[in-house]
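Because only heavy atoms are used, hydrogens play no part in the values below, and waters and symmetry mates are left out as well, while side chains stay in. By convention in this document, chain letters (A, B, ...) are assigned in the order of the sequence lines, proteins followed by strands, and residues within each chain are numbered from 1.
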2 protein chains.
Amino acid sequence: MNQHASHKPDYEKELRRAGVRITRPRKVILRILTETDDHPDAMEIFQRASAVDSSISLSTVYRTMKLLEEMGAIHRHAFEGGRARFEQADGDHHDHLIDIDTGDVIEFHSNRIEELQEEIARALGYDIVHHRLELYGRKRRRT
Amino acid sequence: MNQHASHKPDYEKELRRAGVRITRPRKVILRILTETDDHPDAMEIFQRASAVDSSISLSTVYRTMKLLEEMGAIHRHAFEGGRARFEQADGDHHDHLIDIDTGDVIEFHSNRIEELQEEIARALGYDIVHHRLELYGRKRRRT
DNA sequence: GTTTTTATTGCAAACGATTTGCAATTGCAT
DNA sequence: ATGCAATTGCAAATCGTTTGCAATAAAAAC
(Lines give C-alpha, C1' and ligand atoms only; values in the text may rest on other atoms or scores of the structure.)
Protein backbone atom coordinates (compact mmCIF):
# COMPACT_ATOMS: atom_id res chain seq x y z
CA MET A 1 0.00 0.00 0.00
CA ASN A 2 1.41 3.36 -1.00
CA GLN A 3 0.43 6.78 -2.21
CA HIS A 4 0.91 7.81 -5.80
CA ALA A 5 3.56 9.67 -7.74
CA SER A 6 3.69 12.58 -10.19
CA HIS A 7 2.71 13.54 -13.78
CA LYS A 8 3.03 16.24 -16.38
CA PRO A 9 1.52 15.03 -19.62
CA ASP A 10 1.61 17.15 -22.75
CA TYR A 11 -2.04 16.95 -23.72
CA GLU A 12 -1.68 19.32 -26.65
CA LYS A 13 0.90 17.10 -28.25
CA GLU A 14 -1.24 14.05 -27.68
CA LEU A 15 -4.26 15.77 -29.13
CA ARG A 16 -2.45 16.99 -32.20
CA ARG A 17 -1.18 13.50 -32.79
CA ALA A 18 -4.77 12.32 -32.57
CA GLY A 19 -5.61 14.82 -35.30
CA VAL A 20 -7.67 17.08 -33.11
CA ARG A 21 -7.69 20.85 -33.26
CA ILE A 22 -6.14 22.81 -30.45
CA THR A 23 -8.73 25.45 -29.80
CA ARG A 24 -8.75 28.19 -27.25
CA PRO A 25 -11.30 26.51 -24.98
CA ARG A 26 -9.34 23.30 -25.12
CA LYS A 27 -6.10 25.05 -24.29
CA VAL A 28 -7.70 26.54 -21.20
CA ILE A 29 -9.26 23.29 -20.05
CA LEU A 30 -6.08 21.34 -20.62
CA ARG A 31 -4.07 23.79 -18.60
CA ILE A 32 -6.52 23.51 -15.76
CA LEU A 33 -6.22 19.76 -15.83
CA THR A 34 -2.44 19.74 -15.78
CA GLU A 35 -2.33 22.28 -13.01
CA THR A 36 -4.74 20.50 -10.74
CA ASP A 37 -4.00 17.66 -8.39
CA ASP A 38 -7.45 16.99 -7.05
CA HIS A 39 -10.46 15.27 -8.60
CA PRO A 40 -12.65 18.05 -9.96
CA ASP A 41 -16.05 17.52 -11.50
CA ALA A 42 -17.22 19.09 -14.75
CA MET A 43 -18.80 22.03 -13.00
CA GLU A 44 -15.63 22.84 -11.11
CA ILE A 45 -13.58 22.64 -14.28
CA PHE A 46 -16.15 24.81 -16.00
CA GLN A 47 -15.90 27.43 -13.28
CA ARG A 48 -12.13 27.46 -13.29
CA ALA A 49 -12.24 27.73 -17.07
CA SER A 50 -14.82 30.51 -16.99
CA ALA A 51 -12.49 32.54 -14.82
CA VAL A 52 -9.96 32.48 -17.64
CA ASP A 53 -12.35 32.81 -20.55
CA SER A 54 -15.95 33.47 -19.66
CA SER A 55 -17.20 32.38 -23.04
CA ILE A 56 -16.30 28.73 -22.50
CA SER A 57 -19.41 26.63 -22.12
CA LEU A 58 -20.17 23.69 -19.89
CA SER A 59 -20.90 21.63 -22.99
CA THR A 60 -17.38 22.15 -24.17
CA VAL A 61 -16.03 21.05 -20.85
CA TYR A 62 -18.05 17.86 -21.08
CA ARG A 63 -17.05 17.32 -24.68
CA THR A 64 -13.40 17.83 -23.89
CA MET A 65 -13.54 15.47 -20.96
CA LYS A 66 -15.13 12.83 -23.12
CA LEU A 67 -12.48 13.34 -25.75
CA LEU A 68 -9.65 13.02 -23.26
CA GLU A 69 -11.29 10.03 -21.68
CA GLU A 70 -11.52 8.27 -25.02
CA MET A 71 -7.86 9.01 -25.61
CA GLY A 72 -7.13 7.48 -22.27
CA ALA A 73 -5.67 10.73 -20.98
CA ILE A 74 -8.03 11.04 -18.05
CA HIS A 75 -10.22 8.82 -15.93
CA ARG A 76 -13.81 9.46 -15.01
CA HIS A 77 -15.01 8.33 -11.61
CA ALA A 78 -18.60 8.03 -10.54
CA PHE A 79 -18.16 8.33 -6.82
CA GLU A 80 -21.24 8.47 -4.67
CA GLY A 81 -23.34 11.56 -4.94
CA GLY A 82 -23.97 13.79 -7.88
CA ARG A 83 -21.39 14.50 -10.48
CA ALA A 84 -18.63 12.49 -12.06
CA ARG A 85 -15.11 13.49 -11.14
CA PHE A 86 -12.03 13.44 -13.29
CA GLU A 87 -8.35 12.86 -12.84
CA GLN A 88 -5.33 12.65 -15.08
CA ALA A 89 -4.44 9.15 -16.14
CA ASP A 90 -0.84 8.97 -15.10
CA GLY A 91 0.08 5.35 -15.63
CA ASP A 92 -0.25 3.92 -12.16
CA HIS A 93 -3.50 2.28 -11.19
CA HIS A 94 -4.93 3.18 -7.84
CA ASP A 95 -8.12 3.08 -5.86
CA HIS A 96 -9.75 5.81 -3.85
CA LEU A 97 -10.59 6.71 -0.30
CA ILE A 98 -13.21 9.44 -0.22
CA ASP A 99 -13.59 11.66 2.81
CA ILE A 100 -17.34 11.72 3.32
CA ASP A 101 -17.18 15.02 5.17
CA THR A 102 -15.05 17.03 2.80
CA GLY A 103 -15.22 15.13 -0.47
CA ASP A 104 -11.44 14.91 -0.50
CA VAL A 105 -10.05 11.97 -2.41
CA ILE A 106 -6.99 10.05 -1.32
CA GLU A 107 -5.42 7.62 -3.73
CA PHE A 108 -3.99 4.33 -2.62
CA HIS A 109 -2.92 1.06 -4.06
CA SER A 110 -2.69 -2.45 -2.71
CA ASN A 111 -1.13 -5.23 -4.70
CA ARG A 112 -2.42 -7.67 -2.17
CA ILE A 113 -6.01 -6.61 -2.74
CA GLU A 114 -5.58 -6.71 -6.49
CA GLU A 115 -4.27 -10.25 -6.23
CA LEU A 116 -7.14 -11.31 -4.06
CA GLN A 117 -9.62 -9.83 -6.51
CA GLU A 118 -8.04 -11.81 -9.31
CA GLU A 119 -8.21 -14.93 -7.22
CA ILE A 120 -11.85 -14.42 -6.47
CA ALA A 121 -12.79 -13.72 -10.05
CA ARG A 122 -10.85 -16.74 -11.21
CA ALA A 123 -12.59 -18.95 -8.67
CA LEU A 124 -15.91 -17.72 -9.99
CA GLY A 125 -14.89 -18.39 -13.57
CA TYR A 126 -14.39 -14.78 -14.60
CA ASP A 127 -11.69 -12.53 -15.97
CA ILE A 128 -11.70 -9.06 -14.49
CA VAL A 129 -12.04 -6.34 -17.10
CA HIS A 130 -11.92 -3.57 -14.58
CA HIS A 131 -12.91 -2.94 -11.03
CA ARG A 132 -13.91 -0.28 -8.64
CA LEU A 133 -12.78 -0.09 -5.06
CA GLU A 134 -13.84 2.94 -3.09
CA LEU A 135 -13.54 3.43 0.63
CA TYR A 136 -15.83 6.06 2.11
CA GLY A 137 -14.50 7.21 5.42
CA ARG A 138 -14.08 9.84 8.00
CA LYS A 139 -10.90 11.20 9.47
CA ARG A 140 -10.08 9.37 12.65
CA ARG A 141 -10.20 11.60 15.68
CA ARG A 142 -7.13 11.23 17.83
CA THR A 143 -7.90 9.02 20.80
CA MET B 1 -14.07 -16.13 -0.19
CA ASN B 2 -17.49 -17.68 -0.43
CA GLN B 3 -20.91 -17.21 -1.90
CA HIS B 4 -23.81 -16.07 0.19
CA ALA B 5 -26.69 -17.70 1.98
CA SER B 6 -30.49 -17.39 2.14
CA HIS B 7 -33.25 -15.03 3.28
CA LYS B 8 -36.98 -14.76 3.80
CA PRO B 9 -37.74 -11.54 5.57
CA ASP B 10 -41.27 -10.63 6.55
CA TYR B 11 -41.37 -7.13 5.18
CA GLU B 12 -45.00 -6.59 6.06
CA LYS B 13 -44.33 -7.25 9.69
CA GLU B 14 -41.36 -4.94 9.64
CA LEU B 15 -43.35 -2.23 7.97
CA ARG B 16 -46.26 -2.49 10.36
CA ARG B 17 -43.84 -2.25 13.24
CA ALA B 18 -42.46 0.90 11.62
CA GLY B 19 -46.02 2.26 11.61
CA VAL B 20 -46.41 2.19 7.88
CA ARG B 21 -49.56 1.26 6.04
CA ILE B 22 -49.69 -1.97 4.13
CA THR B 23 -51.26 -0.91 0.89
CA ARG B 24 -52.04 -2.97 -2.15
CA PRO B 25 -49.13 -1.59 -4.21
CA ARG B 26 -46.76 -2.21 -1.36
CA LYS B 27 -47.98 -5.75 -0.92
CA VAL B 28 -47.28 -6.46 -4.56
CA ILE B 29 -43.85 -4.88 -4.55
CA LEU B 30 -42.86 -6.63 -1.36
CA ARG B 31 -43.85 -9.97 -2.74
CA ILE B 32 -41.78 -9.36 -5.84
CA LEU B 33 -38.81 -8.51 -3.70
CA THR B 34 -39.07 -11.59 -1.55
CA GLU B 35 -39.55 -13.81 -4.55
CA THR B 36 -36.59 -12.55 -6.46
CA ASP B 37 -32.98 -13.54 -6.10
CA ASP B 38 -31.40 -11.24 -8.64
CA HIS B 39 -30.67 -7.53 -8.48
CA PRO B 40 -33.53 -5.82 -10.30
CA ASP B 41 -33.71 -2.12 -11.02
CA ALA B 42 -36.77 0.04 -10.41
CA MET B 43 -38.02 -0.40 -13.94
CA GLU B 44 -37.85 -4.17 -13.72
CA ILE B 45 -39.66 -4.15 -10.42
CA PHE B 46 -42.22 -1.81 -11.91
CA GLN B 47 -42.82 -4.14 -14.84
CA ARG B 48 -43.15 -7.20 -12.66
CA ALA B 49 -45.53 -5.26 -10.44
CA SER B 50 -47.53 -3.98 -13.38
CA ALA B 51 -48.12 -7.54 -14.46
CA VAL B 52 -49.90 -8.13 -11.16
CA ASP B 53 -51.65 -4.80 -10.85
CA SER B 54 -51.38 -2.52 -13.83
CA SER B 55 -52.35 0.53 -11.83
CA ILE B 56 -49.14 0.56 -9.82
CA SER B 57 -46.94 3.48 -10.81
CA LEU B 58 -43.22 3.77 -11.17
CA SER B 59 -43.25 6.55 -8.58
CA THR B 60 -44.65 4.17 -6.04
CA VAL B 61 -41.95 1.67 -6.83
CA TYR B 62 -39.31 4.31 -6.23
CA ARG B 63 -41.03 5.51 -3.10
CA THR B 64 -41.29 2.00 -1.74
CA MET B 65 -37.67 1.27 -2.49
CA LYS B 66 -36.63 4.39 -0.69
CA LEU B 67 -38.79 3.45 2.26
CA LEU B 68 -37.32 -0.03 2.46
CA GLU B 69 -33.84 1.33 2.04
CA GLU B 70 -34.31 3.72 4.92
CA MET B 71 -35.58 0.85 7.04
CA GLY B 72 -32.45 -1.03 6.12
CA ALA B 73 -34.47 -3.78 4.49
CA ILE B 74 -32.85 -3.46 1.09
CA HIS B 75 -29.63 -2.14 -0.40
CA ARG B 76 -29.35 0.11 -3.39
CA HIS B 77 -26.38 -0.35 -5.69
CA ALA B 78 -25.22 2.12 -8.29
CA PHE B 79 -23.37 -0.24 -10.55
CA GLU B 80 -21.99 1.11 -13.79
CA GLY B 81 -24.50 2.09 -16.40
CA GLY B 82 -27.99 3.45 -16.04
CA ARG B 83 -30.24 2.51 -13.22
CA ALA B 84 -29.72 1.66 -9.59
CA ARG B 85 -30.29 -1.95 -8.65
CA PHE B 86 -31.73 -3.33 -5.46
CA GLU B 87 -31.31 -6.38 -3.33
CA GLN B 88 -32.67 -7.62 -0.06
CA ALA B 89 -30.51 -6.82 2.93
CA ASP B 90 -30.04 -10.22 4.45
CA GLY B 91 -27.51 -9.67 7.16
CA ASP B 92 -24.30 -10.76 5.53
CA HIS B 93 -22.15 -8.17 3.83
CA HIS B 94 -20.85 -8.99 0.41
CA ASP B 95 -19.35 -7.39 -2.65
CA HIS B 96 -20.28 -7.86 -6.29
CA LEU B 97 -18.90 -9.27 -9.47
CA ILE B 98 -20.85 -7.94 -12.45
CA ASP B 99 -20.87 -9.82 -15.72
CA ILE B 100 -20.32 -7.05 -18.25
CA ASP B 101 -21.96 -9.06 -21.01
CA THR B 102 -25.13 -10.15 -19.28
CA GLY B 103 -25.45 -7.79 -16.35
CA ASP B 104 -25.60 -10.78 -14.02
CA VAL B 105 -24.44 -10.10 -10.51
CA ILE B 106 -22.49 -12.60 -8.45
CA GLU B 107 -22.03 -11.95 -4.78
CA PHE B 108 -18.83 -12.74 -2.97
CA HIS B 109 -17.09 -11.95 0.24
CA SER B 110 -13.49 -11.84 1.31
CA ASN B 111 -12.51 -11.28 4.89
CA ARG B 112 -8.96 -10.84 3.79
CA ILE B 113 -9.86 -7.95 1.53
CA GLU B 114 -11.98 -6.34 4.19
CA GLU B 115 -9.07 -6.53 6.60
CA LEU B 116 -6.72 -5.00 4.10
CA GLN B 117 -9.15 -2.17 3.47
CA GLU B 118 -9.30 -1.46 7.17
CA GLU B 119 -5.54 -1.49 7.36
CA ILE B 120 -5.21 0.94 4.49
CA ALA B 121 -7.79 3.32 5.88
CA ARG B 122 -6.18 3.21 9.28
CA ALA B 123 -2.77 3.94 7.80
CA LEU B 124 -4.26 6.96 6.07
CA GLY B 125 -5.88 8.14 9.27
CA TYR B 126 -9.43 7.23 8.39
CA ASP B 127 -12.28 5.10 9.65
CA ILE B 128 -14.23 3.37 6.94
CA VAL B 129 -17.91 4.21 7.02
CA HIS B 130 -18.73 2.05 4.07
CA HIS B 131 -17.09 0.86 0.94
CA ARG B 132 -17.78 -0.31 -2.55
CA LEU B 133 -15.95 -3.12 -4.25
CA GLU B 134 -17.18 -4.11 -7.66
CA LEU B 135 -15.45 -6.40 -10.10
CA TYR B 136 -16.55 -6.05 -13.71
CA GLY B 137 -15.67 -9.14 -15.64
CA ARG B 138 -16.35 -11.56 -18.39
CA LYS B 139 -16.87 -15.28 -18.16
CA ARG B 140 -13.61 -17.08 -18.79
CA ARG B 141 -13.69 -19.14 -21.94
CA ARG B 142 -12.47 -22.67 -21.36
CA THR B 143 -8.88 -22.94 -22.58
C1' DG C 1 -1.94 36.28 -46.42
C1' DT C 2 -6.27 35.01 -48.16
C1' DT C 3 -9.51 31.64 -49.10
C1' DT C 4 -11.51 27.21 -48.28
C1' DT C 5 -12.70 23.40 -45.72
C1' DT C 6 -14.39 21.22 -41.87
C1' DA C 7 -13.91 20.64 -36.80
C1' DT C 8 -15.45 22.89 -32.88
C1' DT C 9 -18.21 26.00 -30.42
C1' DG C 10 -22.23 28.01 -27.59
C1' DC C 11 -26.83 27.75 -27.03
C1' DA C 12 -30.98 25.73 -26.03
C1' DA C 13 -33.41 21.82 -26.09
C1' DA C 14 -33.42 16.72 -25.18
C1' DC C 15 -32.03 13.17 -22.31
C1' DG C 16 -32.64 9.28 -18.64
C1' DA C 17 -33.09 8.24 -13.91
C1' DT C 18 -35.21 9.72 -10.00
C1' DT C 19 -37.99 12.85 -7.14
C1' DT C 20 -41.80 15.82 -6.13
C1' DG C 21 -46.36 18.70 -5.63
C1' DC C 22 -50.88 17.94 -5.65
C1' DA C 23 -55.51 16.47 -5.61
C1' DA C 24 -57.82 12.08 -5.32
C1' DT C 25 -57.87 7.77 -2.89
C1' DT C 26 -57.31 4.41 0.66
C1' DG C 27 -55.81 2.05 4.86
C1' DC C 28 -57.12 1.62 9.27
C1' DA C 29 -58.12 3.34 14.05
C1' DT C 30 -62.36 4.72 16.01
C1' DA D 1 -69.66 3.04 9.21
C1' DT D 2 -66.76 7.41 9.79
C1' DG D 3 -62.93 10.36 9.66
C1' DC D 4 -58.49 11.57 8.78
C1' DA D 5 -53.82 11.11 7.86
C1' DA D 6 -50.93 8.25 4.90
C1' DT D 7 -50.43 6.87 0.30
C1' DT D 8 -51.28 6.95 -4.45
C1' DG D 9 -50.99 8.15 -9.63
C1' DC D 10 -50.07 11.62 -12.54
C1' DA D 11 -47.57 15.17 -14.56
C1' DA D 12 -44.17 18.23 -13.96
C1' DA D 13 -39.64 19.19 -11.93
C1' DT D 14 -34.96 17.91 -10.92
C1' DC D 15 -30.03 16.96 -11.83
C1' DG D 16 -26.11 15.65 -14.48
C1' DT D 17 -24.98 14.95 -18.98
C1' DT D 18 -25.56 14.78 -24.03
C1' DT D 19 -27.05 16.52 -28.47
C1' DG D 20 -28.80 19.19 -32.81
C1' DC D 21 -27.82 23.10 -35.05
C1' DA D 22 -26.33 27.29 -37.00
C1' DA D 23 -22.37 30.27 -36.17
C1' DT D 24 -17.38 30.43 -35.61
C1' DA D 25 -12.64 29.55 -35.96
C1' DA D 26 -8.59 26.10 -36.70
C1' DA D 27 -5.60 24.79 -39.98
C1' DA D 28 -5.13 23.29 -44.82
C1' DA D 29 -4.78 24.87 -49.49
C1' DC D 30 -3.76 28.33 -52.31
Side-chain angles (χ1 to χ4, degrees), chain A residues 11-32 39-71 73-86 103, chain B residues 11-32 39-71 73-86 103:
Chain A
Y11 289 131
E12 299 203 12
K13 194 157 289 174
E14 282 190 60
L15 284 169
R16 264 183 226 289
R17 191 173 334 120
V20 182
R21 290 184 185 171
I22 308 303
T23 63
R24 179 145 172 53
R26 281 184 183 152
K27 268 205 174 79
V28 174
I29 294 170
L30 293 178
R31 188 150 57 72
I32 289 170
H39 296 65
D41 59 46
M43 185 54 71
E44 286 165 348
I45 295 169
F46 168 63
Q47 282 159 353
R48 296 181 202 180
S50 295
V52 178
D53 176 348
S54 66
S55 76
I56 293 174
S57 76
L58 182 55
S59 314
T60 295
V61 172
Y62 274 112
R63 281 192 273 236
T64 303
M65 300 322 280
K66 173 170 287 185
L67 182 64
L68 293 172
E69 197 187 356
E70 282 164 357
M71 294 176 43
I74 62 170
H75 290 313
R76 170 192 300 252
H77 299 293
F79 298 142
E80 288 184 358
R83 335 197 213 281
R85 300 173 65 170
F86 304 91
Chain B
Y11 289 131
E12 300 205 9
K13 194 158 290 174
E14 283 188 60
L15 283 170
R16 264 183 225 290
R17 191 173 336 121
V20 181
R21 289 184 184 171
I22 308 302
T23 64
R24 178 144 173 52
R26 281 183 182 154
K27 266 204 174 79
V28 174
I29 294 170
L30 293 178
R31 188 149 56 72
I32 290 171
H39 296 65
D41 59 45
M43 186 56 71
E44 287 165 346
I45 295 169
F46 168 64
Q47 283 159 353
R48 296 180 203 180
S50 293
V52 178
D53 177 347
S54 66
S55 77
I56 292 174
S57 76
L58 182 55
S59 312
T60 296
V61 172
Y62 274 113
R63 281 191 273 236
T64 303
M65 300 322 280
K66 172 169 288 185
L67 183 63
L68 293 172
E69 197 188 354
E70 282 164 358
M71 292 176 46
I74 62 170
H75 290 312
R76 170 191 301 251
H77 298 293
F79 297 142
E80 289 184 357
R83 334 195 214 282
R85 301 173 64 169
F86 304 91

> With side chains defined as the heavy atoms from C-beta onward, is the minimum distance between Arg48(B) and Val28(B) less than 4.5 Å?
Replying inline: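 Of all side-chain heavy-atom pairs linking Val28(B) with Arg48(B), none is under 4.5 Å.
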>> Is there a side-chain contact between Leu15(A) and Leu68(A) in this structure, where contact means two heavy atoms from C-beta onward sitting under 4.5 Å apart?
In response: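 Yes; the side chains approach each other to less than 4.5 Å.
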If I take atom [atom1] from residue [X] and atom [atom2] from residue [Y], how far apart are they, to the nearest 0.5 angstrom?
| X | Y | atom1 | atom2 | value |
| --- | --- | --- | --- | --- |
| Phe86(A) | Ile29(A) | CZ | CD1 | 10.5 Å |
| Ile56(B) | Gln47(B) | CD1 | CD | 13.0 Å |
| Ile74(B) | Arg85(B) | CD1 | CZ | 13.5 Å |
| Arg16(A) | Arg21(A) | CZ | CZ | 12.0 Å |

> Out of dT18(C), dG16(D), dT20(C), which has the shortest distance to the side chain of Lys66(B)?
Replying inline: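 Given the options dT18(C), dG16(D), dT20(C), the side chain of Lys66(B) is closest to dT20(C).
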> So which nucleotide from dT9(C), dT7(D), dT17(D) ends up closest to the side chain of Arg26(A)?
Replying inline: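 Among the listed nucleotides, the one closest to the side chain of Arg26(A) is dT9(C).
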Rounded interatomic separation in angstrom, taking [atom1] from [X] and [atom2] from [N]:
| X | N | atom1 | atom2 | result |
| --- | --- | --- | --- | --- |
| Ile29(B) | dT8(D) | CD1 | C1' | 11 Å |
| Phe79(B) | dA17(C) | CZ | P | 17 Å |
| Leu15(A) | dA7(C) | CG | P | 16 Å |
| Met65(A) | dT19(D) | CE | C1' | 19 Å |
| Leu58(B) | dA12(D) | CG | P | 16 Å |
| Leu67(B) | dT19(C) | CG | C1' | 15 Å |
| Tyr62(B) | dA11(D) | OH | P | 17 Å |
| Glu70(A) | dT18(D) | CD | P | 10 Å |

> Hey, does the side chain of Ser50(B) reach the backbone of Phe46(B) with a donor-acceptor pair shorter than 3.5 angstrom?
Replying inline: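 A pair under 3.5 Å: yes.
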> Has the side chain of Glu44(B) got a donor or acceptor atom that lies under 3.5 Å from a matching backbone atom of Asp41(B)?
Replying inline: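 Confirmed, Glu44(B) side chain pairs with Asp41(B) backbone.
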> Parallel, tilted or perpendicular: which describes the rings of His77(B) and Phe79(B), with under 30° parallel and over 60° perpendicular?
Replying inline: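 Parallel: the ring planes of His77(B) and Phe79(B) meet at under 30°.
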> Once each nucleotide of nucleotides 25-30 of chain D is scored for protein heavy atoms under 4.0 Å, what B/S/- sequence comes out, 5' to 3'?
Replying inline: BBS---
Can you pull every protein N or O that's under 3.5 Å from an N or O on nucleotides 11-16 of chain C?
{"residue": "dA12(C)", "atom": "N6", "partner": "Ser59(A)", "partner atom": "OG", "Å": "3.4"}

> Got a sec? Which of residues 39-54 of chain B come in under 4.0 Å of DNA chain C, heavy atoms?
Replying inline: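 Correct list: empty, so none.
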> For Thr60(B) and Pro25(B), which heavy atoms make the closest approach, and how far apart are they?
Replying inline: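 Result for this residue pair: CG2-CB, 3.9 Å.
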> Minimum heavy-atom separation for Ala42(B) to Leu58(B), with atom names?
Replying inline: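 The pair with the smallest heavy-atom distance is O-CD1, 4.0 Å.
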